[in-house]
Amino acid sequence: MLKIENYIGGELVTPASGEYLDNFEPGTGDVYSLIPDSDDRDVNLAADAARAAFPAWSSTSPEARFEILMRLVGLIERDLEDLARAESIDNGKPISLARAVDIPRAVANFRFYATAAMHLSNESYDTVRPDGGRAINYTLRHPIGVAGCISPWNLPLYLFTWKIAPAIAAGCTVVAKPSEVTPMTAFMLSKLCIEAELPPGVLNIVHGTGPKVGSAIVAHKDVAAISFTGGTKTGEEIARIAAPMLKKLSLELGGKNPNIIFADCNYEEMLATTVRSSFSNQGEICLCGSRIFVERPLYERFKSDFVARVSALKVGDPLDSATDVGAIVSKQHFDKIMSYIELAKQEGGTILCGGHSIDLSAEMPIEAETRPVGSVPLGAPTPHSALRNPHSNGWYIQPTVIEGLSHDCRTNLEEIFGPVVTIMPFDTEDEVIGYANSVRYGLSATLWTENLSRAHRMAAALESGIVWINCWLLRDLRTPFGGVKDSGVGREGGFEALRFFTEEKNVCIKI
Ligand code: NDP
């Protein structure tokens with residue numbers, strides 16, 4: 001069985017413990033590869049390598065970093081199909097999504113920051129004192145040192161590279177940890193880094209669990225900044241360790257995003273987009289809108305059309321190009337989502353569609369060829385007969401729409417992070433703003449209206465870091481990305497991320 005390895009000091013290495021963890025394929029429920037069960041010894045080696053590489057890497061010109069990062073871009077593009085397939089197997093997401101979104105976005109992340117580093121400028125200030133004397137102030141930005149990057153399982157390579165690319169482009173060296181649940185494309189990336197001749201130690205990838213590897217990165221004395229994306233509870237734990245060490249922190253955390261639909265919206269566009277914003281990636285995107293508020297005159301029409309469209313989504317083998325909704329990432333997460341569906345029923349919700357898991361093996365043709373565990377090599381073509389395993393025990397949930405719940409019940413306050421949405425009617429702008437803002441989270445909000453004044457009014461009133469109006473997940477990598485309240489601290493994207501990985505120094509010269 002394939003053994004994933006750590007990437008430390010430019011080499012692929014086994015974990016100090018010699019121990020490995022099982023890596024499951026969500027589509028089948030089977031173990032298909034092994035992940036290093038690394039610990040603080042591996043993190044120490046990675047931090048040593050990163051510290052040793054820092055003086056040389058931080059002194060390279062932005063143009064030199066551009067050249068290397070663009071080599072990586074070319075290699076990821078070359079291997080796009082292999083990476084997409086690996087992401088689909090590892091995470092359970094439809095391969096069509098991995099092909100169209102996840103891997104192209106990893107390419108975009110490296111390309112964007114390869115070029116951005118060449119455009120980062122520093123400010124200068126012409127200072128005029130009250131006595132007429134003058135001074136010039138200018139601000140230097142130096143790479144902060146060794147950065148720790150920790151990412152989640154939902155968009156594995158996409159979010160991993162969203163941190164690594166700006167850190168490296170800014171001149172930092174990195175100790176990174178992908179989620180132990182989805183380590184495969186990070187492992188593949190480490191091989192591409194070797195091929196791209198990224199200098200040893202610039203990027204180090206340590207695989208393993210959050211409590212062992214993640215917390216060792218956070219607590220390491222040589223790691224000056226932590227860029228983390230994941231759950232709010234984990235973010236709090238990281239802040240508890242890093243804040244007293246006075247480390248720089250960027251925390252991108254959970255969400256419970258409202259999707260607010262007014263009766264004057266462009267109905268067809270709203271409907272198609274709302275299906276996507278609810279159930280893309282099995283609803284496992286931090287930006288998915290899980291609380292759908294519909295203006296009362298439109299409510300019944302929306303309910304019937306939405307439920308019809310959602311019921312028609314094809315839940316299936318992640319590797320089947322026709323699949324709309326794949327497998328839930330892990331058994332543990334599957335159980336969590338199912339427990340929330342039970343909670344919604346207990347809280348008086350009515351399940352309009354879904355509400356149950358699916359045994360995909362029951363739908364499989366008897367003659368279908370079994371896919372032996374771990375037997376399909378990465379990069380191999382996927383014949384249709386190999387797509388399905390009659391003995392499948394994957395984790396599938398039918399997309400679920402629930403109505404009849406109050407805006408302040410637990411189902412509507414807590415993050416479920418799965419293919420489950422609630423729909424609720426509202427009458428006035430003030431009322432729906434109150435509902436939208438009633439959660440502890442504030443990552444993103446979606447708004448559908450053709451009324452321009454209302455759109456601006458609502459955008460200003462919504463407590464969230466991102467507001468999509470008449471669209472969803474329309475990304476421009478230059479824009480600030482992040483949440484308010486319990487959804488995080490700091491912003492990623494654009495120059496914000498490059499600045500995060502640098503330390504400012506002001507120089508004042510009296511003339
Ligand atoms: P977790 O918080 O469980 O894990 C995120 C990462 O942190 C993983 O690599 C995990 O390791 C690691 N980790 C776990 N415990 C610690 C610790 N004590 N110290 C350091 N690192 C640790 O999140 P999930 O992976 O479950 O991801 C889902 C969450 O991520 C959702 O809440 C979602 O909203 C949020 N998210 C936020 C986004 C945003 O931009 N705001 C974007 C995407 C997701 P391991 O898994 O290996 O144990």
Side-chain angles (χ1 to χ4, degrees), residues 58 60-63 65-66 68-70 72-73 76 101-124 138-145 147-152 155 157-174 176 203 224-230 235 248-253 255 257 285-287 442-446 459-460 462 464-469 471-485 487-506:
S58 58
T60 52
S61 66
E63 288 78 5
R65 286 176 223 152
F66 166 87
I68 294 177
L69 292 179
M70 288 305 288
L72 210 42
V73 163
I76 298 172
V101 177
D102 290 77
I103 311 307
R105 176 56 192 275
V107 168
N109 290 340
F110 278 117
R111 182 179 281 135
F112 180 86
Y113 280 108
T115 52
M118 294 196 293
H119 299 275
L120 187 64
S121 57
N122 297 333
E123 298 82 24
S124 77
Y138 63 89
T139 307
L140 297 175
R141 282 203 175 79
H142 296 300
I144 195 163
C149 298
I150 302 174
S151 59
L155 302 165
L157 195 65
Y158 173 137
L159 289 175
F160 195 58
T161 54
W162 184 229
K163 298 182 176 308
I164 288 167
I168 293 177
C172 290
T173 53
V174 173
L203 172 63
I226 301 292
S227 175
F228 169 80
T229 299
K248 223 171 167 183
L249 266 181
S250 166
L251 303 173
E252 299 292 338
L253 309 178
N257 308 314
I285 300 181
C286 53
L287 303 166
L443 185 55
S444 78
T446 307
L462 285 164
S464 83
I466 298 152
V467 180
W468 318 100
I469 298 178
C471 61
W472 179 72
L473 233 176
L474 196 167
R475 292 284 288 121
D476 179 330
L477 301 189
R478 293 171 300 179
T479 59
F481 180 93
V484 301
K485 305 199 297 193
S487 288
V489 177
R491 292 293 178 271
E492 296 187 323
F495 290 126
E496 299 278 342
L498 284 179
R499 291 196 188 103
F500 174 77
F501 290 110
T502 60
E503 198 73 273
E504 292 167 341
K505 178 192 288 176
N506 192 70

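Just so it is clear, the structure is predicted and the values come from calculations on it, not from any experiment.
With a 4.5 Å cut-off on side-chain heavy atoms, S227 and F500 count as touching. For the pair S444 and W468, the minimum side-chain heavy-atom distance is below 4.5 Å. By the 4.5 Å heavy-atom criterion applied to side chains, T173 and L203 are not counted as neighbours. Between V73 and F112 there is no side-chain heavy-atom pair separated by less than 4.5 Å. Residues C286 and E252 fail the side-chain proximity criterion, which asks for heavy atoms closer than 4.5 Å. For the pair V489/L249, no side-chain contact is recorded, criterion being any heavy-atom separation below 4.5 Å from C-beta on. Here the side chains of Y138 and E123 are not in contact, with every heavy-atom distance at 4.5 Å or above. Under the 4.5 Å side-chain criterion, counting only non-hydrogen atoms from C-beta, H142 is not in contact with I144.
For E496, the salt bridge (Lys or Arg N to Asp or Glu O under 4.0 Å) criterion is met by no residue, not counting sequence neighbours. By the side-chain hydrogen bond (donor to acceptor under 3.5 Å, both in side chains) test, N506 pairs with N137, T139, sequence neighbours left out. Partners of E503 by side-chain hydrogen bond (donor to acceptor under 3.5 Å, both in side chains), not counting sequence neighbours: none found. Scanning for side-chain hydrogen bond (donor to acceptor under 3.5 Å, both in side chains) contacts around K248 gives an empty result, with sequence neighbours left out. Applying the side-chain hydrogen bond (donor to acceptor under 3.5 Å, both in side chains) test to S487 and every residue at least two apart in sequence or in another chain returns nothing.
Shown here for G465 and R491, the closest heavy-atom pair between the two residues is CA-NH2, 4.1 Å. Between C471 and T446, the shortest heavy-atom distance links the atoms O-CG2, 3.4 Å. Between F110 and A165, the shortest heavy-atom distance links the atoms CD2-CB, 3.7 Å. Nearest heavy-atom pair, A117 versus A169, reported as atom, atom and distance to 0.1 Å: CB-O, 3.5 Å. Here the closest heavy-atom approach between residue I469 and residue A459 is recorded as CD1-CB, 4.1 Å. The nearest pair of heavy atoms linking C172 to G145 is CB-O, 3.3 Å.
To the nearest 0.5 Å, the span separating CD on E492 from CZ on F481 amounts to 7.0 Å. Interatomic distance, L159 CG to I150 CD1, rounded to the nearest 0.5 Å: 13.5 Å. In this structure, the separation between OG1 on T60 and CZ on R65 is 4.0 Å, given to the nearest 0.5 Å. Rounding to the nearest 0.5 Å gives a distance of 5.0 Å between CG of L253 and CG of L251. The OG1 atom of T479 lies 9.5 Å from the CG atom of L474; values are rounded to the nearest 0.5 Å. To the nearest 0.5 Å, atom OG of residue S151 and atom CG of residue L157 are 9.0 Å apart.
No more than 12 heavy atoms of other residues, nucleotides or ligands sit less than 6.0 Å from atom CZ of R478.
Between K163 and T229, the side chains place a donor N or O and an acceptor N or O closer than 3.5 Å (distance only, hydrogens not considered).
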* Starting from the C-alpha separation in whole Å, work towards a yes-or-no answer on side chain to side chain contact (heavy atoms under 4.5 Å, CB included) for F495 and T502. => CA-CA 11 Å; F495 290 126; T502 60; over 6 Å; no
* Asked: Please walk me through it: do V467 and L462 pass side chain to side chain contact (heavy atoms under 4.5 Å, CB included)?
  -> CA-CA 8 Å; V467 180; L462 285 164; 4.3 Å; yes
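Judged purely by atom type and a 3.5 angstrom limit, N257 has no side-chain atom pairing as donor or acceptor with the backbone of A445.
Within the structure, side chain to side chain donor-acceptor pair (under 3.5 Å) pairs that include any residue of residues 109-119 comprise E77-R111, R105-N109, N109-T161 (at least two apart or interchain).
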